[in-house]
Amino acid sequence: MSDKENLPKIQALIVGFSIIELVAKSPQPLKFNDIHHHTKITKSNLHKYLHTLTSLGVLYRDQESGHYSGGPALIDYGMATVNSENILEKVGPFLEEINILSKETTLLAVWTHDGPTIIHMIHSRAGLNLGGQVGTVLPIHSAGGKLFGALLNGPLLDEWIAGETEHLSAEEKATLQTDFEEIQKNGIAFASEALAPSISSTAIPIFNHDSHMLGAIIIVGFQGTVPASLEEELSVQLLKKSEEISSLFGFSK
């Protein structure tokens, strides 16, 4: 028996995860009595577990039927994990190509519960830290943030946008909305000084077979070293890479 198997375990977590696993693997929503039958947890304790898990968003309880199914947080965590692993494996070689092509820091970001988050980084040849690292959540005014804001959908995105724009003026919100519309039309995002002073960024999306945005590839550099408009040659090349990479996940225009 390994040392890990001998380590003490938190029984409440084991019980909680047994409930999550049961509900997540069920082909249809489960009634309270179904969960009680399969887990053998006392009804009083089961009520406490289910209340906690639903309050965290890990499980969802339908108000009319009372049936339980996977909650938004559970789905979000699962998608973030799947996207991070599969995207990084498939996109890694393209990140290196884009890094060589642009000669600038190249990032891969995916959507997480906290917002668009950097999961991989290839530094520029100069090795400069340009305002981000793995685990950094991108602000909405960055190219990556604007790309997700314009092309992703869902209540978690709406909540993130509301938080990011809470203190913006009406004029700033209008400008951001205009940027979103341009991104939706052109499929590329540009930003300046969102990550750090004098730093610009350009971002392209990665889509899957049903046109859902899986992630963003972002190049970051000093102003004047990364594209700032659709007409620049590097922008054209990046858009071609966006289509090529997305095709790996079944996307086609």
Side-chain angles (χ1 to χ4, degrees), residues 80 83-84 87-112 114-152 157 160-161 163-165 168 172 175-176 178-180 182-184 186-207 213-246:
N83 288 346
S84 297
I87 285 182
L88 188 53
E89 180 180 348
K90 290 184 177 181
V91 176
F94 291 94
L95 287 175
E96 294 177 5
E97 287 182 26
I98 292 172
N99 180 257
I100 294 170
L101 181 68
S102 66
K103 300 181 178 61
E104 301 296 341
T105 296
T106 309
L107 315 174
L108 175 62
V110 300
W111 183 261
T112 71
D114 295 320
T117 304
I118 299 171
I119 64 167
H120 191 67
M121 169 182 286
I122 304 176
H123 288 287
S124 68
R125 294 187 179 183
L128 300 174
N129 184 340
L130 300 178
Q133 59 186 352
V134 172
T136 295
V137 178
L138 298 170
I140 199 167
H141 282 107
S142 66
K146 287 195 285 188
L147 196 74
F148 277 97
L151 301 178
L152 201 63
L157 176 81
W160 174 73
I161 291 177
E164 287 283 303
T165 59
L168 297 184
E172 289 171 325
T175 299
L176 189 61
T178 299
D179 288 344
F180 284 174
E182 286 296 309
I183 293 166
Q184 290 163 357
N186 300 321
I188 190 169
F190 308 100
S192 61
E193 299 197 331
L195 297 175
S198 302
I199 300 301
S200 295
S201 55
T202 305
I204 53 172
I206 303 168
F207 295 112
M213 184 177 164
L214 298 177
I217 294 178
I218 307 152
I219 58 172
V220 183
F222 290 109
Q223 289 179 0
T225 64
V226 300
S229 69
L230 186 65
E231 294 74 22
E232 295 180 49
E233 178 59 28
L234 186 52
S235 295
V236 175
Q237 292 175 306
L238 288 172
L239 285 169
K240 289 180 180 177
K241 287 295 181 185
S242 175
E243 288 189 28
E244 185 179 355
I245 297 166
S246 295

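We number each residue from 1, following the sequence as shown. Just so it is clear, the values below take in all heavy atoms, side chains as well, and ignore hydrogens, waters and symmetry mates.
- The two residues L176 and I140 make their nearest non-hydrogen contact at CD2-CD1, 3.8 Å.
- With sequence neighbours excluded, the residues forming a salt bridge (Lys or Arg N to Asp or Glu O under 4.0 Å) with E182 are K185, listed by chain and number.
- Panel note: side chain S142, backbone G145; a donor-acceptor pair is recorded below 3.5 Å.
- Here the shortest heavy-atom pairing between A216 and L147 reads CB-CD2, 3.6 Å.
- Atom CZ of F94 is separated from atom CD1 of I217 by 8.5 Å, given to the nearest 0.5 angstrom.
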With a cut-off of 3.5 Å and sequence neighbours excluded, list every side-chain donor-acceptor pair involving residues 219-227.
| unit_1 | atom_1 | unit_2 | atom_2 | d |
| --- | --- | --- | --- | --- |
| T225 | OG1 | E104 | OE2 | 3.4 |
| T225 | OG1 | F222 | N | 3.2 |
| T225 | OG1 | F222 | O | 2.5 |

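- Taking OG1 from T136 and CD1 from I119, the interatomic distance works out to 13.0 Å, rounded to the nearest 0.5 Å.
- Panel note: side chain K146, backbone F190; a donor-acceptor pair is recorded below 3.5 Å.
- Taking both residues in full, the closest heavy atoms of M121 and V134 are given as N-CG2, 4.3 Å, listed atom of the first, atom of the second, then distance.
- Considering CG of L152 and CG of L214, their distance stands at 9.5 Å, rounded to 0.5 Å.
- Scanning all heavy atoms of the two residues, the minimum distance from S102 to L234 falls at CB-CD2, 4.0 Å.
- Under 4.0 Å is where a charged nitrogen must lie from a carboxylate oxygen, and between E243 and K240 no such pair does.
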Criterion side chain to side chain contact (heavy atoms under 4.5 Å, CB included) on E96 and T106, from CA distance to verdict: CA-CA 8 Å; E96 294 177 5; T106 309; over 6 Å; no

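- Taken to the nearest 0.5 Å, the CG atom of L238 stands 12.0 Å off from the CD atom of E244.
- E172 places none of its side-chain heavy atoms less than 4.5 Å from the side chain of T165.
- In terms of heavy atoms, G187 sits closest to P205 at O-CD, 3.2 Å.
- Between L230 and V236, the shortest heavy-atom distance links the atoms O-CG2, 4.2 Å.
- Using cut-offs of 30° and 60° on the angle between ring planes, the pair F148 and W111 is tilted.
- Under the 4.5 Å side-chain criterion, counting only non-hydrogen atoms from C-beta, I218 is in contact with L138.
- Residues L108 and I206 meet the side-chain proximity criterion, which asks for heavy atoms closer than 4.5 Å.
- Here the side chains of H120 and L95 are in contact, with some heavy-atom distance below 4.5 Å.
- The residue from L157, L151, V110 that alone fulfils the side chain to side chain contact (heavy atoms under 4.5 Å, CB included) condition with M213 is L151.
- With rounding to the nearest 0.5 Å, the separation of CZ in F180 from CD1 in I161 is 4.5 Å.
- We find the OG1-CD1 distance between T202 and I98 to be 11.0 Å, quoted to the nearest 0.5 Å.
- Considering only heavy atoms from C-beta on, Q133 stays 4.5 Å or farther from I118 through its side chain.
- Residues passing the ring pair (Phe, Tyr, Trp, His ring centres under 6.0 Å) test with F207 are F251, sequence neighbours excluded.
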